[in-house]
Amino acid sequence: MSGRTVIVVDDPQQLAKHAADLFLKEAETSVKAGGRFVVAVSGGSTPRAMHRLLSRGPYDKTVPWEHTHLFWVDERLVPYGDDASNFGTARTEWIENIAIPKAQVHPMPVEVQPKDSAELYHKEIEMLFQKLENGYPVFDLIFLGIGSDGHTASLFPGMSLEKTKGKWVLPVKGGEPHVDRLTFTFQLINRARHVVFLVSGAKKAGMVAKLLGRKATKLPAEFIRPAKGKLTWLLDSDAASQLS
Ligand code: 6PG
């Protein structure tokens, strides 16, 4: 891992702005270096302010959407129109307002059996990557959230590196809502060039302090250690309030 950075900003609005600026910067860097930007985002409530910002000026015009491929790190296997759908929420608040080619928006399939969905998504990712690193594709940027139980993506407590080894996408069940889900694996996330934990609010402060502390927690988020890439914790002051 090329180091861990912790950035604390004042409030959720600043967090969204900082995250959107980081998204833009990584997009410009990736397109300059390799002609495209392959990014995966999380669901949940925290990233929604960033998504809304990215759908407005200046980001709607400055992000190179025509060279961007957008994936999700996890999804609840519910219809896209359901309030619990990560893609459905992003589609309404973000995707519909930006000029990203439809074929470059890659929602996780939800109308099939979980196992088939995992296989389909693996193939969809594979089509985009001619070369792999250690058997995994290298995303340019992956945004993650943290649950107050230490989960990230839909990798819940009890998930281990062993259980997800060799896989890119897995069907799981759990979380809130407790439904069938699909999730990127630790190994796929850890291949990314840059992984960003986006965390807001005092409710997460205890878990943030635990995960950034020295003691091993064996919680899923602790297993996010990019092999070669950067790891950034982007926190608002409430989420960082228990850091020593
Ligand atoms: C999901 C998310 C999940 C989320 C955390 C934090 O689909 O549930 O991907 O991993 O990032 O649960 O959620 P909040 O941002 O709503 O606190």
Side-chain angles (χ1 to χ4, degrees), residues 9 11-16 18-20 23 39-54 70-94 106-110 114 117-118 121 139 141-159 164 168-186 188-190 192 195-212 217 219-224 231-236 238-241:
V9 297
D11 54 39
Q13 291 69 32
Q14 282 303 315
L15 189 73
H18 201 101
F23 187 105
V39 55
V41 294
S42 278
S45 56
T46 306
R48 290 175 61 178
M50 172 185 76
H51 296 167
R52 287 192 291 270
L53 257 190
L54 287 170
L70 183 57
F71 290 83
W72 273 260
V73 299
D74 70 339
E75 185 56 278
R76 299 81 179 271
L77 297 192
V78 297
Y80 294 145
D82 188 305
D83 286 350
S85 168
N86 290 336
F87 169 68
T89 306
R91 177 175 57 184
T92 317
E93 298 187 337
W94 176 22
H106 306 274
M108 290 178 151
V110 294
S117 180
Y121 212 56
F139 278 69
L141 177 61
I142 295 183
F143 276 104
L144 296 176
I146 292 276
S148 38
D149 62 353
H151 83 259
T152 190
S154 284
L155 298 161
F156 296 105
M159 261 305 194
T164 68
W168 299 3
V169 187
L170 270 183
V172 295
K173 193 163 179 113
E176 179 47 49
H178 192 91
V179 293
D180 282 317
R181 291 160 172 256
L182 218 59
T183 185
F184 272 16
T185 61
F186 297 108
L188 177 56
I189 294 168
N190 283 336
V195 179
V196 180
F197 278 116
L198 195 60
V199 195
S200 171
K203 279 210 304 285
K204 306 281 179 75
M207 184 48 71
V208 166
K210 208 184 264 187
L211 290 165
L212 285 176
T217 65
L219 291 169
E222 186 188 308
F223 298 130
I224 299 301
L231 177 61
T232 299
W233 284 77
L234 188 45
L235 312 168
D236 66 15
D238 283 346
S241 56

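Each ligand, and each atom within it, is numbered from 1 in the order the structure gives.
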Checklist line | Main-chain N/O of F223 paired with N190 side-chain donor or acceptor, under 3.5 Å | finding: yes
Checklist line | Any R181 heavy atom less than 4.0 Å from ligand 1 | finding: yes
Next item on the list: Heavy-atom distances under 4.0 Å are what count here, so tell me which part of D74 touches ligand 1: side chain, backbone, both or neither.
Entry: side chain
Notebook entry, point to check: What residue and heavy atom of the protein are closest to atom 11 (O) of ligand 1, and at what distance?
Noted result: G145 CA, 3.4 Å
Notebook entry, point to check: Does R76 come within less than 4.0 Å of ligand 1, judged by its heavy atoms?
Noted result: yes
Margin query: Looking at ligand 1, is there an atom of it that comes within less than 4.0 Å of some heavy atom belonging to K203?
Written below: no
Next item on the list: Measure the distances from the heavy atoms of G175 to every atom of ligand 1 and state whether one is below 4.0 angstrom.
Entry: no
Notebook entry, point to check: Looking at L235 and L15, what are the two nearest heavy atoms and their distance?
Noted result: C-CD1, 3.5 Å
Margin query: Quick test: of every protein heavy atom, which one is nearest to atom 15 (O) of ligand 1, and how far off is it to 0.1 Å?
Written below: T46 OG1, 2.6 Å
Checklist line | Check: R181 main-chain N/O paired with D74 side-chain donor or acceptor under 3.5 Å | finding: no
Notebook entry, point to check: What about F184 and F71, are their ring centers closer than 6.0 Å?
Noted result: no
Check: With backbone taken as N, CA, C and O and side chain as the heavy atoms from C-beta onward, which portion of H151 lies under 4.0 Å from ligand 1: side chain, backbone, both, or neither?
Finding: side chain
Check: What is the closest protein heavy atom to atom 10 (O) of ligand 1, and at what distance does it sit?
Finding: A153 O, 2.6 Å
Margin query: If you take the nearest heavy atom of each of S45, A221, G43, which one is closest to atom 14 (P) of ligand 1?
Written below: S45
Check: Which bit of S200 is near ligand 1, meaning a heavy atom under 4.0 Å away: side chain, backbone, both or neither?
Finding: neither
Margin query: Below 4.0 Å, non-hydrogen atoms only: which portion of I146 touches ligand 1? Side chain, backbone, both or neither.
Written below: backbone
